Amino acid sequence: MNKPHLELTGVDMAFDTPKGQFLALDNVNLKIRKGEFVSLIGHSGCGKSTVLNIVAGLLQATRGGCVLDGHEVNTPGPERAVVFQHHALMPWLTVYENVELAVNQVFRKTMSKKEKRDWILHNLTLVNMQHAIDKRPGEISGGMAQRVGIARALSMKPSVLLMDEPFGALDALTRAHLQDALMAIQQDLNSTVIMITHDVDEAVLLSDRIVMMTNGPAASVGEELHVDLPRPRNRVALADDPTYVHCRQAVLSFLYEKQTFPGKSEPASTATEASTDSNAEVEAHTPATVPTDREVNDQPQQRAIA
Amino acid sequence: MSTITQSQNPAPAPRWLNTLTDYLSPGALARSSRNLLLPIIGIALFLVFWQLTAPKVDTSLGSFPAPTDVWEQAGQLWQEHASERERADRFVEMQEARNARILASNPDAEVTIRPYPGAPTFFDQIGTSLVTVLSGFLLATVIAVPLGVLVGLNRYFAAAINPLIQIFKPVSPLAWLPLVTMVVSATYVSDDPMFEKAFLTSMITVTLCSLWPTLINTSFGVAAVDPDLVNVSRVLRLSFWTHTRKVVLPSSVPMIFTGLRVSLGIAWMVLIAAEMLAQNPGLGKFVWDEFQNGSSQSLSRIMVAVLAIGFIGFLLDRLMLLIQKKVAWNE
């Protein structure tokens with residue numbers, strides 16, 4: 001493997017909280033090839049979203065950094081498009097206008113009016129949403145809105161597609177449907193994808209590589225697993241596939257045997273099971289003080305006028 | 001909010017007719033009785049109570065006016081308005097005729113066209129009040145919305161300006177008025193003034209008192225933009241202006257309009273007091289003049305003004321609601 005497409009080196013992330021510094025990430029290292037589909041999996045609060053936000057440029061790493069195609073990532077940008085967990089469409093714009101906002105911004109100088117229109121419709125067709133271009137996000141289902149979110153991200157022609165639990169808020173059937181759609185699109189475009197997930201099956205089905213993170217605080221990359229399954233993959237056929245079963249087994253064992261669910265296990269059992277630094281930290285923080293992914297995300301935006 | 005949307009339902013006339021044609025259906029009957037009958041019963045009971053108790057309240061200007069007296073005076077005011085209009089028309093005609101005569105005898109003569117010098121009627125005064133309140137409200141909006149956006153976007157600016165908002169918000173129009181009057185008298189000096197000083201004083205007082213709800217709501221709306229949407233905007237690298245125009249403002253439109261509705265309500269309330277003291281020829285001056293006049297009909301005429309003020313305030317709120325429905329995406 002020559003130079004990696006995307007590289008995270010020695011990333012630490014500390015947040016200032018009223019109770020002092022909170023170390024969310026401790027020395028995260030990650031190399032990603034072009035066209036690779038990588039899933040980040042781990043228990044909630046382990047800093048998966050923080051990693052993604054650092055790659056997106058929405059957060060600045062306290063130490064270490066992220067390099068994409070030889071350029072350091074400091075600010076957010078459309079070449080690292082993000083698909084948010086809750087679609088994040090502008091509720092006052094129609095489906096078409098939401099994608100248009102992105103296309104107008106990214107290609108405002110390079111595309112003609114007609115090219116832009118064709119490109120918007122092309123991306124909406126890709127996610128099978130061409131029938132609802134004049135609907136507003138409030139008028140379509142969550143799954144449809146998430147498709148539009150993906151279309152918007154793809155329309156930016158990103159070199160990395162970042163997905164923050166893109167299917168987490170959807171029901172199982174819709175989720176399966178969108179996973180298949182995403183697999184097809186990714187194979188067509190050969191895009192590089194980093195996806196956060198809680199779902200072991202989703203990770204194994206979609207990924208070339210699964211990055212498993214240790215529990216926070218001071219989370220880091222625990223194990224990596226290459227999923228050597230031929231593409232295109234079929235979820236039904238894979239159910240009995242020995243490689244698939246093995247991968248699934250490996251992730252499950254990491255999540256439920258090596259990393260206990262934070263907050264759920266008795267402090268006594270935590271102490272007996274593992275004596276790493278990170279687990280000692282878990283005891284110091286009560287569950288209430290450990291910020292969830294969501295709270296960490298919200299912090300920089302918090303404003304109040306009393 | 002929900003009670004307001006509920007009560008506006010019975011307003012349009014076609015629904016009225018529908019209710020009448022579907023009269024026999026029990027569901028429609030129940031609905032129409034709830035939407036139409038109960039308010040009518042409420043008003044009727046109030047009128048009966050008013051009619052019965054009013055004569056028992058004795059004042060130096062006679063007993064308190066009952067609904068029938070008020071009704072009579074409302075008709076009287078309309079009569080005065082109509083005859084005043086007639087006289088004004090006649091005045092204009094006579095003036096034109098005289099000017100034509102002068103010009104006929106001497107084509108170089110300078111003719112003057114004077115406006116009708118008669119006193120403004122009740123309905124003219126309503127017009128003046130509406131113009132004054134809308135000017136003041138518009139000025140307040142022009143100041144409060146951009147300022148609110150800045151306060152909402154920048155928390156340092158918010159922290160700096162917040163105490164000022166809290167202190168000036170509860171100030172009564174009566175306290176502002178003398179200051180505004182003096183400042184307007186001192187600074188608005190012109191041989192050919194475009195506006196009356198009383199008009200400016202009333203308008204500025206209205207602005208000072210009514211801009212706060214819009215300012216506060218706008219800043220809250222702007223500060224409460226969904227962080228996900230802000231992140232979308234950052235990923236797209238939208239410029240400050242595009243971000244404000246395409247993300248912040250649309251997102252806070254519902255909150256801004258909530259503020260505007262409260263502001264307009266306050267503006268209308270403040271206006272009456274301001275006009276009384278500033279002698280701006282609107283409804284406030286009407287009430288004050290009738291009070292000073294002290295005739296036997298004065299109280300009835302003031303009561304007509306009170307009802308008119310209430311009704312116009314209600315219409316203004318409805319108007320804002322209508323605009324809000326047209327503009328806001330969440331309605």
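Note on naming: letters A, B, ... go to the chains in the order of the sequence lines (proteins, then strands), and numbering restarts at 1 for each one. Here the structure is a predicted model, which means the values were calculated and not measured.
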Determine all donor-acceptor pairs shorter than 3.5 Å in which one atom belongs to a side chain in residues 121-131 of chain A; sequence neighbours excluded.
| residue | atom | partner | partner atom | Å |
| --- | --- | --- | --- | --- |
| Asn123(A) | ND2 | Trp119(A) | O | 2.9 |
| Thr125(A) | OG1 | Leu121(A) | O | 2.5 |

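Around the NZ atom of Lys246(B), the shell of radius 6.0 Å holds no more than 12 heavy atoms that belong to other residues, nucleotides or ligands. Counted within 6.0 Å of CZ on Phe240(B), heavy atoms from surrounding residues, nucleotides or ligands total more than 12; the atom is thus considered enclosed.
Of the residues considered (Ala81(A), Ala56(A), Pro78(A)), Pro78(A) shows the highest number of contacts with chain B, using heavy-atom pairs under 4.5 Å.
The two residues Leu89(A) and Leu229(B) have their closest heavy-atom pair at O-CD2, 3.6 Å. Smallest separation of non-hydrogen atoms from Val247(B) and Trp92(A): O-CH2, 3.3 Å.
Residues of residues 99-108 of chain A that come closer than 4.5 Å to chain B, counting heavy atoms only, are Leu101(A), Ala102(A), Gln105(A), Val106(A), ordered by residue number. Of all residues spanning residues 144-158 of chain A, those with a heavy atom less than 4.5 Å away from chain B's heavy atoms are Arg152(A), Met156(A), arranged by number.
With sequence neighbours left out, the salt bridge (Lys or Arg N to Asp or Glu O under 4.0 Å) criterion links Lys114(A) to Asp118(A).
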Please report the C-alpha distance between Thr75(A) and Arg237(B) in whole Å, then the side-chain angles of each, then the deciding distance to 0.1 Å, and finally whether the side chain to side chain contact (heavy atoms under 4.5 Å, CB included) criterion is met.
CA-CA 9 Å; Thr75(A) 52; Arg237(B) 292 205 180 124; 3.7 Å; yes
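Looking at Val253(B), there are no atoms closer than 4.5 Å to chain A (heavy atoms on both sides), in backbone or side chain. Interface remark: Leu93(A) contributes no atoms to any contact with chain B (heavy atom separation under 4.5 Å).
Side-chain contact between Met90(A) and Val232(B) is present, with at least one heavy-atom pair separated by less than 4.5 Å.
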